[in-house]
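Contents: one structure, followed by commentary.
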Amino acid sequence: MVPPGASLLFLLILLTAGRATSAAANNKPQLQQLVQSTCNSTTYYDVCVAALAADPSSSTAVDVRGLCAIAASAAATNASAAGTSVLASAAAYQSQVPERAALLRACAARYADARQALASAQEAIKEEAYDYAFVHVSAAAEYPTMCRALFRRTQTPRGYGYPSELVRREEGLRRLCTVVLDIISLLVP
């Protein structure tokens with residue numbers, strides 16, 4: 001037997017859940033418009049849309065600042081993944097070509113620096129300190145370019161060229177950072 005009032009409570013829960021789902025569905029076109037208008041203002045529209053779409057929290061963003069924080073988070077995740085990958089490459093070279101492994105470890109450290117700069121940018125965005133956020137993101141975009149300089153400086157008879165994986169990762173992070181910088185520019189009055 002169902003206790004009195006239980007069916008009323010169940011009906012109330014269903015109605016409340018239905019309203020929440022309906023509100024989220026009604027908000028979706030506004031969110032898509034916010035993402036589209038924000039990304040249209042960036043240098044790399046496709047990168048912007050992909051970065052924002054990949055993060056589930058973008059469905060709760062209500063303004064450009066929220067989207068900026070999500071883009072900064074995507075860039076930080078990218079830097080972290082790049083650093084981890086480069087460090088794994090360094091480990092693979094350690095026994096065969098220790099000099100190359102040392103260069104790759106130095107590059108992994110630059111990606112860690114980029115990750116830290118992006119974490120600082122995220123905090124600055126939260127605090128609406130956009131000038132500081134801009135500086136941190138700009139620094140994050142530059143850290144990986146130091147890898148290219150390290151490889152260029154270290155010309156050896158074995159001919160260590162700059163690895164194509166690093167070229168791809170450097171470009172990916174640079175593009176994400178450019179998107180974040182473009183969005184920060186929208187936030188500055």
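- In this structure the side chain of Ser58 never reaches within 4.5 angstrom of the side chain of Val35, judged on heavy atoms.
- Under the rule for a disulfide (SG to SG under 2.5 Å), Cys68 has no partner lying at least two apart in sequence or in another chain.
- Remark: Tyr93 OH is loosely packed, at most 12 non-hydrogen atoms of other residues, nucleotides or ligands lying under 6.0 Å away.
- In this structure the side chain of Arg115 never reaches within 4.5 angstrom of the side chain of Tyr143, judged on heavy atoms.
- Smallest separation of non-hydrogen atoms from Val137 and Ala121: CG2-CB, 3.5 Å.
- Between Ala101 and Gln94 the shortest heavy-atom distance is CB-OE1, 3.4 Å.
- Salt-bridge check for Arg175 with Glu171: passed, with a basic side-chain N closer than 4.0 Å to an acidic carboxylate O.
- In terms of heavy-atom proximity, Arg100 sits nearest to Gly161 at NH1-O, 3.8 Å.
- Asn78 is linked by a side chain to side chain donor-acceptor pair (under 3.5 Å) to nothing, counting only residues two or more places apart in sequence or in another chain.
- A heavy-atom distance below 4.5 Å is not found between the side chains of Arg169 and Pro144.
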Practice item. Go through the steps for Leu187 and Leu67 under the test side chain to side chain contact (heavy atoms under 4.5 Å, CB included), then give the verdict. Key: CA-CA 11 Å; Leu187 294 168; Leu67 294 179; over 6 Å; no
Practice item. Before giving the answer on side chain to side chain contact (heavy atoms under 4.5 Å, CB included), spell out for Arg148 and Arg152 the whole-Å C-alpha distance, their side-chain angles and the decisive distance to 0.1 Å. Key: CA-CA 6 Å; Arg148 186 182 299 267; Arg152 198 176 295 134; 3.0 Å; yes
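- With rounding to the nearest 0.5 Å, the separation of SG in Cys48 from CD in Gln36 is 10.5 Å.
- Taken together through direct or relayed side-chain contacts under 4.5 Å among Ile, Leu, Val, Met, Phe, Trp and Tyr, Val64 and Val47 form part of one hydrophobic cluster.
- Checked by atom type, the side-chain pair Glu170/Thr145 shows no donor-acceptor distance below 3.5 Å.
- For Ala75 against Leu173, the heavy-atom pair with the smallest separation is O-CD1, 3.5 Å.
- Side-chain contact between Leu104 and Phe151: present, with at least one pair of heavy atoms (C-beta onward) separated by less than 4.5 Å.
- Under the salt bridge (Lys or Arg N to Asp or Glu O under 4.0 Å) criterion, Glu128 pairs with Arg65, not counting sequence neighbours.
- Glu123 and Tyr132 share no donor-acceptor pair across their side chains, judged by distance under 3.5 Å alone.
- Residue Leu150 is not grouped with residue Leu87 when hydrophobic side chains (ILVMFWY) are merged at heavy-atom distances under 4.5 angstrom, including chains of intermediate members.
- Pro163 has its side chain out of reach of Val167: every pair of non-hydrogen atoms, C-beta onward, lies at least 4.5 Å apart.
- Between the CG atom of Leu52 and the OG1 atom of Thr38 there is a distance of 7.5 Å, given to the nearest 0.5 Å.
- In plain terms, the two heavy atoms of Ala117 and His136 that are nearest each other are O-CB, 3.2 Å.
- Taking the side chain as every heavy atom from C-beta outward, Cys39 and Tyr44 never approach each other to under 4.5 Å.
- For the pair Leu166 and Val86, the minimum side-chain heavy-atom distance is below 4.5 Å.
- Partners of Ala141 under the side-chain contact (heavy atoms from CB on, under 4.5 Å) rule, at least two apart in sequence or in another chain, are Cys177.
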Practice item. Evaluate side chain to side chain contact (heavy atoms under 4.5 Å, CB included) for Thr42 paired with Ile183, printing each intermediate quantity in order. Key: CA-CA 7 Å; Thr42 67; Ile183 297 174; 3.9 Å; yes
Practice item. Check the pair Val180 / Leu176 against side chain to side chain contact (heavy atoms under 4.5 Å, CB included), numbers first and verdict last. Key: CA-CA 6 Å; Val180 177; Leu176 280 167; 5.6 Å; no
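- Residues in residues 176-188 take part in no salt bridge (charged side-chain N to carboxylate O under 4.0 Å, His left out) pair, two or more places apart or across chains.
- Sorted by first and then second residue, the salt bridge (charged side-chain N to carboxylate O under 4.0 Å, His left out) pairs with a member in residues 38-58 form an empty list; sequence neighbours excluded.
- No side-chain heavy atom of Tyr130 sits under 4.5 Å from any side-chain heavy atom of Ser185.
- Closest approach of Cys147 to Tyr111, counting heavy atoms only: SG-CE1, 4.3 Å.
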